[in-house]
Asks: 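Structure in structure tokens, see below.
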Number of protein chains: 2
Amino acid sequence: MTPSPATPDTVAIELNAVLVALTANQPQVLTLDDGALLPSGPFATEHPTLQSGVRAWVERQTHHPLGYVEQLYTFADPNRPASDGQRRVVSISYLGLTRERLSAGPRDPEWRSWYRYFPWEDWRTGPSPLVAQSILPRLATWAEGADASARRDRQQRIQMTFGDGLENWNEDLVLQRYELLYEAGLVPEAKAREAKSAGADPVPGMPMRHDHRRILATGIARLRAKIKYRPVFFELMPPEFTLLQLQRAVEALAGRPMHKQNFRRLIDQQGLVEPTGGITSEARGRPAKLFRFRREIVLERAVAGTKLPLSRPL
Amino acid sequence: MTPSPATPDTVAIELNAVLVALTANQPQVLTLDDGALLPSGPFATEHPTLQSGVRAWVERQTHHPLGYVEQLYTFADPNRPASDGQRRVVSISYLGLTRERLSAGPRDPEWRSWYRYFPWEDWRTGPSPLVAQSILPRLATWAEGADASARRDRQQRIQMTFGDGLENWNEDLVLQRYELLYEAGLVPEAKAREAKSAGADPVPGMPMRHDHRRILATGIARLRAKIKYRPVFFELMPPEFTLLQLQRAVEALAGRPMHKQNFRRLIDQQGLVEPTGGITSEARGRPAKLFRFRREIVLERAVAGTKLPLSRPL
DNA sequence: ATAAATAATGCTCCCAATGAGCATAAGGAG
DNA sequence: CTCCTTATGCTCATTGGGAGCATTATTTAT
């Protein structure tokens, strides 16, 4: 058909993006096709860099500038040959942060809270009931279905990644948790591939096509880990904000609540923000001072590191 | 010439590896061509995974198993078209840890201490004199050669990455430091490209071809960051070792000295090791107990995290 | 032998970071 | 005027980690 019979060591590059924004205290992700896909596009070789390639089609598709871009992972999917049936596809995924939402029409590029895909990851109002009620029991059943040594192994992994449903929750382990559920056949994506373990019905949470939910998990995990030592949330905030808004933003990303006074102490200890002089009383309660990020410090912390009151399990 | 006129969106994949081992308290890296290159090979599409591709040619080339493999970064070099002059090359680099050294003959695959490439990164015996004597002065000169605003910017970056030559050294910033030197035209690799800044002669440290020294810097940085929260040094140690040997290993990687008593406290607090019962008096001084890693805990920490007395600057 | 150097170990002290809460101030809604 | 909600200031207790003293056990030098 095509004039080029695709030499063996030649592949096509596909770029995937996890684009994150914050709206109404929800961490939003840009999706396509009714939420089933992450935006992705080919790497056109005229781009000098991979990053510039990403930026190009993302901005073309969303009409919004990307604040921060970071490479996530490169993956050669053995089960997804290119459409021409010849070349292998290597997908390179990126995490992108953007400040504003797509002003788009009703359809296609659509922002969705990432907790629709990973409802068990939201512990902002305390331990997610999903874990104790729905996930742990099914995982336990799965663990039972193995012989002694494998069972012990599975049980330990469950404990390490999901804790006990009330304590020992480590919000960074997004990817490990998804992979465990996948392996246990508790997400629809897994069942598609393995006709065998038709047993358990899936855990709540919207699936995606291909490995896109896995990529999303990777992005969330990376972002959650990152905010603990780099002030990247800066990229997601409007130019002015109150400290509570900032706290809610971090909580949205981390998926767990934080102590208000300690959060404030940490933030201004590090000199990350400065008051603009303005005051707002949009919310109820006592009016709050408005702040902005301090450019110099943010640049400095970009290399030196930040701290957030997020670390210990519980 | 070739029957396939290479369609535009087609690229060739090249795999690069930073292979690390520890010998005689030196962090060793496998190199080729008299130390000028990192091992690299093509990604043959018959491999199901990228990782398996890496493992395959690494083990073929070195005849040693890879303990731990981790993806580093994917990079499309705009300046290095494939040899056929048509396809773009995308290189995917990996970090690999191995316990044993190549038993190889005198030549080619050769292990070299990574401090030959980055001598300023070795602070194990205190502040590296190179930084204060050789690097900081030249960087200062470089900063002077810019107008006011850019100068301030450069000075801040110098301070952030190199500190002041005595304190505020952050061992993780290997890549940032290399990139700064590159930008300042203080490494030979940079001069090759820019004929202009022929000024300063380069800083000590052996260069590599292409961007391989940059990839190496990425690997070192990743490893240094990693040992602080994952017990990966486990992959580099022999089955039995003394606590001092373990400490020296970590110091070799981190490039800075550690407090002996505190190191021990931390290690056994976390239950990472257990005594084998053996005792050694290979070195001078009081004989030391031998330890081995505790498999269960190591697996557990692989997900949950570890601690090392490495964090603060100074 | 004896002294000196090198390592292994045990323990104490101190300080900075941080998790938790109490208390007070300042607006808006009924 | 009272209650509710949020902003802010401060205190307290705990802990993790940095430093260093002291002691013990061996090898090496004199």
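Numbers restart at 1 for each chain; the letters A, B, ... are given by sequence-line order, proteins then strands. Below, all heavy atoms of this structure are taken into account, side chains as well, without hydrogens, waters or symmetry copies.
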Asks: Could you check how far CD of A/Gln269 sits from P of D/dC10, rounded to whole Å?
Replies: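 Spelled out: CD on A/Gln269 to P on D/dC10 is 14 Å.
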Asks: Return the value, rounded to whole Å, for the distance between atom CG of A/Asp268 and atom P of C/dA17.
Replies: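 Answer to the nearest Å: 14 Å.
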Asks: Answer with yes or no after comparing the ring centroid distance for B/Tyr68 and B/Phe234 against a 6.0 Å cut-off, counting only values under it.
Replies: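 Ring-ring flag for B/Tyr68/B/Phe234: false, centres at least 6.0 Å apart.
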Asks: Whole angstroms only, please: what is the CG-P distance between B/Leu244 and C/dT6?
Replies: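 Roughly 13 Å, once rounded to whole Å.
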Asks: With sugar-phosphate meaning primed atoms plus P, OP1 and OP2, does B/Lys289 contact a base, only sugar-phosphate, or nothing at under 4.0 Å between heavy atoms?
Replies: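 Counting heavy atoms under 4.0 Å across all strands, the contact made by B/Lys289 is with sugar-phosphate only.
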Asks: Regarding A/Tyr73 and A/Gln71, do their side chains bring together a donor and an acceptor under 3.5 Å, going by distance alone?
Replies: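 Their side chains do not contain a donor-acceptor pair, so the 3.5 Å distance test is not met.
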Asks: Mind calculating the distance between CZ (B/Arg284) and C1' (D/dT24) to the nearest angstrom?
Replies: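 Interatomic distance, CZ of B/Arg284 to C1' of D/dT24: 18 Å.
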Asks: So, the side chain of B/Arg124 versus the backbone of B/Arg256: is there a donor-acceptor pair under 3.5 Å, distance only?
Replies: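 Not confirmed, B/Arg124 side chain does not pair with B/Arg256 backbone.
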Asks: Strictly below 4.0 Å: does B/Lys260 bring a side-chain N or O up to OP1 or OP2 of C/dA7?
Replies: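 For B/Lys260, the contact criterion (side-chain N or O under 4.0 Å from OP1 or OP2 of C/dA7) is not met.
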Asks: Whole angstrom is fine here: how far is it from CG in B/Leu290 over to P in C/dT9?
Replies: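 Distance check: B/Leu290 CG to C/dT9 P gives 10 Å.
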Asks: So does A/Arg265 get a side-chain nitrogen or oxygen closer than 4.0 Å to the phosphate oxygens (OP1/OP2) of C/dT18?
Replies: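 So the side chain of A/Arg265 is outside the cut-off, no N or O lying under 4.0 Å from OP1 or OP2 of C/dT18.
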Asks: Does NZ or CZ of B/Arg138 lie under 6.0 Å from the centre of the six-membered ring of B/Trp120, at an angle within 45° of the ring axis?
Replies: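 Relative to the ring axis of B/Trp120, which defines the angle, B/Arg138 lies outside at least one limit.
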Asks: Measure from CZ on B/Phe263 to P on D/dG17 and round the result to the nearest Å.
Replies: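 Taking CZ of B/Phe263 and P of D/dG17, I get 14 Å after rounding.
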Asks: Would you tell me if any nitrogen or oxygen in the side chain of B/Arg286 comes within less than 4.0 Å of OP1 or OP2 on C/dT6?
Replies: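 No, outside the criterion.
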Asks: When you get a sec, tell me which of D/dG17, C/dG10, C/dG19 is the closest nucleotide to the side chain of B/Gln261?
Replies: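 Among the listed nucleotides, the one closest to the side chain of B/Gln261 is C/dG10.
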